[in-house]
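Here's the structure we're looking at; comments come further down.
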Amino acid sequence: MNTKRMVSLSGILILLFLFFSFSIPVKSFASDTTGTQQVVEHKKVESSEHNGDQAIKAKEEHNLGSELPLWTIIPFVGILLSIAIFPLVAPRFWHHHFPKVSAAWALIFAIPFLFVYKMIAFESILHIYLIDYIPFIILLWGLFTIAGGIYVRGTMKGSPPVNLLLILIGTLLASWIGTTGAAMVMIRPLLRANKHRKHKVHLVVFFIFLVANIGGSLTPLGDPPLFLGFLHGVSFFWTLNLFPEMSFVASILLVCFFLMDSYYYRQDKQFMPTDGEKEPIKVEGAFNFIFLLGVVLGVIFSGVAHLGHFTVFGVHMTWQNVVRDFWIILMGLLSLKLTKQEIRQGNEFNWFPIKEVAYLFAGIFMTIIPALAILQAGEHGAMAGLIRAVKEPWHYFWITGTLSSFLDNAPTYLTFFNSALGKLGIHETELRAAFANGTVTTQFPEFIKYLTAISTGAVFMGANTYIGNAPNFMVKSIAEEAGVPMPSFFGYMIKYSIPFLIPTFILSSLIFLR
């Protein structure tokens with residue numbers, strides 16, 4: 001049986017299994033109307049503002065997170081396994097058909113979900129695409145487009161000191177222009193500096209570790225989870241308190257990187273060209289940094305402005321987020337218009353990396369719905385035992401980090417942020433006041449320990465997998481376009497993240513979270 005037929009047959013069998021499995025428990029539930037529960041929404045809308053809305057009434061009768069069994073995440077696991085396995089066993093098939101594979105897994109979940117939950121399912125799907133996926137892709141597209149117009153020209157020899165400096169600069173930039181912004185600005189100079197070297201995979205992997213993840217832990221601009229914390233009362237500069245943890249982890253990884261790069265550099269010397277005429281280093285298209293700053297300001301604006309809200313088929317949306325998205329599109333279009341084509345050609349700029357991310361994450365965002373719902377249900381969901389087991393700061397670090405490695409780290413952060421508040425009986429208004437008065441450390445010292453653990457876990461452990469944070473997959477795709485043979489999904493974990501990151505995180509938790 002060829003690969004296409006095998007994939008089609010597998011998809012049909014899984015679809016039928018999920019279709020009937022979804023139907024059985026929900027029919028039983030529908031016959032018992034006395035056991036209904038109140039909905040816990042990710043973005044709750046006051047029901048008084050939506051009287052008469054059928055979708056809201058239906059949601060009041062169902063708590064998806066507490067109803068859905070754990071096996072409903074099978075399509076999510078399926079798409080992750082597809083990303084991991086197909087590039088290894090059927091690389092040509094994957095390269096040409098990965099959008100179809102992503103769509104297939106999305107439909108395997110969506111069809112039975114819509115059949116059983118109808119308007120509730122429709123609104124849940126609409127919510128994750130309008131609130132999460134579309135803004136996510138717009139932000140990535142904007143940063144990818146603008147960064148593609150910044151060309152670092154000149155002769156840079158990819159020696160260990162130069163590579164260390166480039167990654168260090170990217171790590172420091174990540175907290176101020178975001179991990180995605182820093183990754184898109186710095187990955188191409190790093191690849192060009194090392195284009196003649198044979199061993200380049202480790203360069204990209206450590207770049208993902210440090211620039212695309214760990215470097216973004218010092219401000220709310222660095223990574224989405226920290227920005228969510230800012231929106232929920234954590235002061236803007238509190239995250240600078242994570243500097244000891246960030247510098248400890250980054251220092252260990254930078255030393256490991258330098259030693260590994262020095263080892264491979266000695267082997268690669270035979271591939272290096274003889275020294276010719278050196279071209280001075282020069283940044284072309286530097287005005288694009290203004291557009292990057294514009295994107296950052298747009299994100300900040302959406303977090304502090306309050307322009308009102310509206311609904312789209314029951315999905316609560318805010319005008320400031322719409323303004324932000326159109327503003328980011330404008331920044332990207334201005335960059336395309338004003339940047340010379342020669343600059344983008346020098347960067348070997350093309351649209352494949354952003355297309356790959358858009359197609360794959362369209363499927364991931366669909367199939368992630370039950371996983372996030374179960375997680376957000378807390379002790380009422382299928383992961384209740386896991387949630388109850390989280391007690392100590394280091395528990396929060398590892399559970400937040402582990403889930404952030406495979407799920408969206410922003411809602412994971414928010415779930416355990418709220419869990420910690422509830423555990424200590426702290427109301428969010430009290431927390432806001434304590435941060436505003438500068439008394440949070442003395443007033444809520446135990447919560448600060450939890451918050452430190454949750455923040456570092458969500459940001460640091462996004463580096464554990466390709467899908468742990470948005471720029472990881474984009475960096476991988478750009479590297480592969482440049483001819484770097486990146487490891488598979490599991491190869492990345494087995495060869496790099498488990499041996500290098502996990503021991504470092506164990507040390508960090510022993511030192512800072514006891």
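Everything numeric here is computed off the predicted structure, so don't read it as measured data. Note: hydrogens, waters and symmetry copies are ignored here, and every other heavy atom, side chains too, is used. Counting from 1, the numbers follow the sequence of the chain as shown.
- With sequence neighbours left out, V312 forms a side chain to side chain contact (heavy atoms under 4.5 Å, CB included) with L126, L130, F310, M317.
- Proximity of a side-chain donor or acceptor of S247 to a complementary backbone N or O of P244 within less than 3.5 Å is detected.
- The two atoms that bring A110 and I125 nearest to each other are CB-CD1, 4.3 Å, heavy atoms only.
- Taking each heavy atom of T441 and I448 in turn, the nearest pair found is CA-CG1, 4.2 Å.
- Centroid-to-centroid, the aromatic rings of F236 and F230 come within less than 6.0 Å.
- Interatomic distance, CG of L218 versus CG of L226, reported as 9.0 Å (0.5 Å rounding).
- For the atom pair CG of N241 and OG of S235, the computed distance is 8.0 Å after rounding to the nearest 0.5 Å.
- When atom types are taken as modelled, the side chain of W105 and the backbone of M366 share no donor-acceptor pair closer than 3.5 angstrom.
- Of the possible polar contacts, one joining the N163 side chain to the G158 backbone as a donor-acceptor pair under 3.5 Å is found.
- Side-chain atoms of N464 never come within 3.5 Å of backbone atoms of I498 as a donor-acceptor pair (strictly under, hydrogens ignored).
- Ring geometry, F473 versus F361: the interplanar angle exceeds 60°, so the pair is classed perpendicular (tilted spans 30 to 60°).
- In E348, the CD atom is not crowded: 12 or fewer heavy atoms of neighbouring residues, nucleotides or ligands sit closer than 6.0 Å.
- The side chain to side chain donor-acceptor pair (under 3.5 Å) test with D261 is passed by exactly one of K200, R197, H199: R197.
- Counting all heavy atoms, side chain and backbone alike, A358 lies closest to Y133 at O-OH, 2.6 Å.
- A 4.5 Å side-chain heavy-atom check between F258 and P161 finds at least one atom pair inside the cut-off.
- Contact of the L421 side chain with the F444 side chain is not registered, since no non-hydrogen atoms from C-beta on lie closer than 4.5 Å.
- The CG atom of L172 sits 6.0 Å away from atom CE of M246, with the distance rounded to the nearest 0.5 Å.
- In this structure a side-chain-to-backbone donor-acceptor pair under 3.5 Å is missing from S419 to T415.
- Using modelled atom types, one side-chain atom of T219 and one backbone atom of S175 make a donor-acceptor pair closer than 3.5 Å.
- The side-chain heavy atoms of F109 and P370, taken from C-beta on, include a pair separated by under 4.5 Å.
- Checked against side chain to side chain contact (heavy atoms under 4.5 Å, CB included), H232 has the following partners two or more places apart in sequence or in another chain: L414, F417, E428.
- A distance of 5.5 Å separates CG of L507 from CD1 of I252, quoted to the nearest 0.5 Å.
- Relative orientation of the F98 and W94 rings is tilted, given thresholds of 30° and 60° on the angle between their planes.
- Looking only at side-chain heavy atoms (C-beta outward), Y151 and T339 stay at 4.5 Å or farther from each other.
- Atom CZ of F243 has 12 or fewer neighbouring heavy atoms from other residues, nucleotides or ligands inside a 6.0 Å radius.
- Side-chain polar atoms of N347 and R344 form no donor-acceptor pair below 3.5 angstrom.
- Residues S497 and T465 fail the side-chain proximity criterion, which asks for heavy atoms closer than 4.5 Å.
- Atom CD1 of I300 and atom CG of L221 lie 4.5 Å apart (nearest 0.5 Å).
- In this model, a donor atom of one side chain and an acceptor atom of the other lie less than 3.5 Å apart for S477 and E356.
- I167 is listed as a side-chain neighbour of F257, based on a closest heavy-atom distance under 4.5 Å.
- Using the six-membered ring where Trp is involved, F291 and F287 have ring planes that are perpendicular, over 60° apart on the 30 and 60° scheme.
- The closest donor-acceptor contact from the side chain of N409 to the backbone of P225 lies at 3.5 Å or more, if one exists at all.
- Here the two rings, on Y396 and W398, have centers that are 6.0 Å apart or farther.
- Between the side chain of S217 and the backbone N or O of I214, at least one donor-acceptor pair lies under 3.5 Å.
- In summary, the aromatic rings of F397 and F512 are positioned with their centroids too far apart to meet the 6.0 Å limit.
- Residue-environment remark: CH2 (W238) exceeds the threshold of 12 foreign heavy atoms within 6.0 Å.
- For the pair E123 and F313, the minimum side-chain heavy-atom distance is 4.5 Å or more.
- Side chain of N288 to main chain of G149: a donor-acceptor pair is present (N/O by atom type, distance under 3.5 Å, no hydrogens or angles).
- Across every non-hydrogen atom of F136 and A470, the tightest pair is CE1-CB, 3.3 Å.
- Between A193 and L166, the closest heavy-atom pair is CB-CD1, 4.3 Å.
- No donor-acceptor distance shorter than 3.5 angstrom exists from the side chain of T180 to the backbone of L140, with no hydrogens or angles considered.
- Side-chain rings of F206 and F209 approach one another, their centers coming within less than 6.0 Å.
- Applying the side chain to side chain contact (heavy atoms under 4.5 Å, CB included) rule to E480 yields the partners K476, M486; only residues at least two apart in sequence or on another chain are considered.
- Side-chain contact check for L114 versus F122: some heavy-atom pair is nearer than 4.5 Å.
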